[in-house]
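Notes to accompany the following structure.
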There are 2 protein chains.
Amino acid sequence: MSATSLAAMLRERGLRLTPQRQLILEAVHELGHATPESVHNAVRERAAGVNITTVYRTLELLEELGLVNHTHLSHGSPTYSSAKEHQHVHLVCRSCGSISEIDPGVMVPVTEQLLRERAFRVDVGHVSLFGVCGDCKEAE
Amino acid sequence: MSATSLAAMLRERGLRLTPQRQLILEAVHELGHATPESVHNAVRERAAGVNITTVYRTLELLEELGLVNHTHLSHGSPTYSSAKEHQHVHLVCRSCGSISEIDPGVMVPVTEQLLRERAFRVDVGHVSLFGVCGDCKEAE
DNA sequence: CTGTATGCAAACTTTTTGCAAGCTA
DNA sequence: TAGCTTGCAAAAAGTTTGCATACAG
């Protein structure tokens, strides 16, 4: 996402491009799995004064624009990630808490069936699958 | 889930069967999609003194025992449901907020592939798929 | 200039923790 | 009786809101 295209998307809605919005979007890209708090920390390294409130408001805005998605990977805070760059499905181990990313291609059979049978269009960038990973399964 | 089998599962771990634990488990069964708050309300109709703290602690316990699962259907509170009775996958429309349940069979291709290729065992009772439902898609 | 965006502070909601008293086994 | 459980209160975490100031266009 370049600054100019972000600016264009904002302007289409009568909204403005601000340093905060650029920095927050960049932070989500760089962090990969970003909670509001981790975004806040990352942004403050570059611009000390940015407020957590602005982070919340901007993440919501970026999600409306379709630039980021959020999902719940564990208890507590939501996790945001870039919508455009390499979408992925999360595998969350409920035993050791590890999070891995897999190619969303694995979901194709499901998404096609749901589209066909229920006219439901799954947002693949939003999928988290919970379960037990190989390492923890051995240890059981 | 009968009271006696709950009692047995608890005793195996040196834990105790209490009225609160029975009521909370029953409430999850009856409610289907139960937030901690809705469980609290349901339980208080039968036993006024039960504290929200106990609801949180008990839901966590019941999840450890494998009797309930939780998932995040939207922003905010987690949603608990019975693990044993008819497992289902949730379809959550991010446009109108509607939640529908589908047969977990739709996930079989995915779960089998992940088990085969990554030794990851998906907990199907825990899956929520976000996207846009047919009605909202028409309206776009 | 106009009106959107931000920072600040405070309120709110949800969840967790510590501890004394109560109750199950 | 022993020690697991509960209720209560307070703290902690996470999120939202109102408003005056700052700033993008």
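As the structure is a computational prediction, the values presented were derived from the model and not from experiment. Order of the sequence lines fixes the chain letters, A, B, ..., with proteins taken first and strands second; residue numbering starts at 1 for each chain.
- Here the C1' atom of nucleotide C:dT4 and the CE atom of A:M9 are 18 Å apart, to the nearest Å.
- Rounding to whole angstrom units, NE2 of residue A:H40 and C1' of D:dG14 are separated by 13 Å.
- B:V110 and B:V106 fall within the same hydrophobic cluster, where Ile, Leu, Val, Met, Phe, Trp and Tyr residues are linked whenever their side-chain heavy atoms come under 4.5 Å apart, directly or through other members.
- Side-chain contact, A:S128 with A:T71: a donor N or O sits under 3.5 Å from an acceptor N or O.
- At a threshold of 4.0 Å, the pair B:E30-B:R46 counts as salt-bridged, since one of the basic side-chain nitrogens sits closer than that to a carboxylate oxygen.
- Between A:Y80 and A:H70, the ring planes lie tilted relative to each other; the angle falls in the 30° to 60° range.
- The phosphate of D:dC23 (OP1 or OP2) has no side-chain N or O of A:Q20 nearer than 4.0 angstrom.
- Contacts with DNA chain D (heavy atom under 4.0 Å) in residues 42-55 of chain B: B:G49, B:V50, B:N51, B:T53, B:T54, listed by number.
- Atom C1' of nucleotide D:dG14 and atom CD of A:E60 are separated by 15 Å, given to the nearest angstrom.
- Whole-Å rounding puts the B:L10 CG to D:dG3 P distance at 19 Å.
- Distance A:H72 NE2 to D:dT15 C1': 12 Å, rounded to the nearest Å.
- Looking at heavy atoms from C-beta onward, A:L25 lies in side-chain contact with A:H29 at the 4.5 angstrom threshold.
- You'll find the ring centres of A:H126 and A:H90 outside the 6.0 Å limit.
- Atom CG in A:L59 sits roughly 13 Å away from atom C1' in D:dG14 (whole-Å rounding).
- Rounded to whole Å, the distance from CG on A:L61 to P on D:dT15 is 17 Å.
- In B:E60, the CD atom is not crowded: 12 or fewer heavy atoms of neighbouring residues, nucleotides or ligands sit closer than 6.0 Å.
- For A:E64 and C:dA5, the CD to P distance is 11 Å, given to the nearest whole Å.
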*asked:* Using a 4.0 Å heavy-atom cut-off to protein, can you give one letter per nucleotide of nucleotides 19-25 of chain C, 5' to 3': B if the base is in contact, S if only the sugar-phosphate is, - if neither?
replied: -----BS
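- With sequence neighbours excluded, the residues forming a side chain to side chain contact (heavy atoms under 4.5 Å, CB included) with B:T18 are B:Q20, B:R21, listed by chain and number.
- Annotation: A:E37, atom CD; neighbour count of heavy atoms from other residues, nucleotides and ligands within 6.0 Å does not exceed 12.
- Residue A:Y56 places at least one side-chain N or O under 4.0 Å from the OP1 or OP2 atom of D:dT15.
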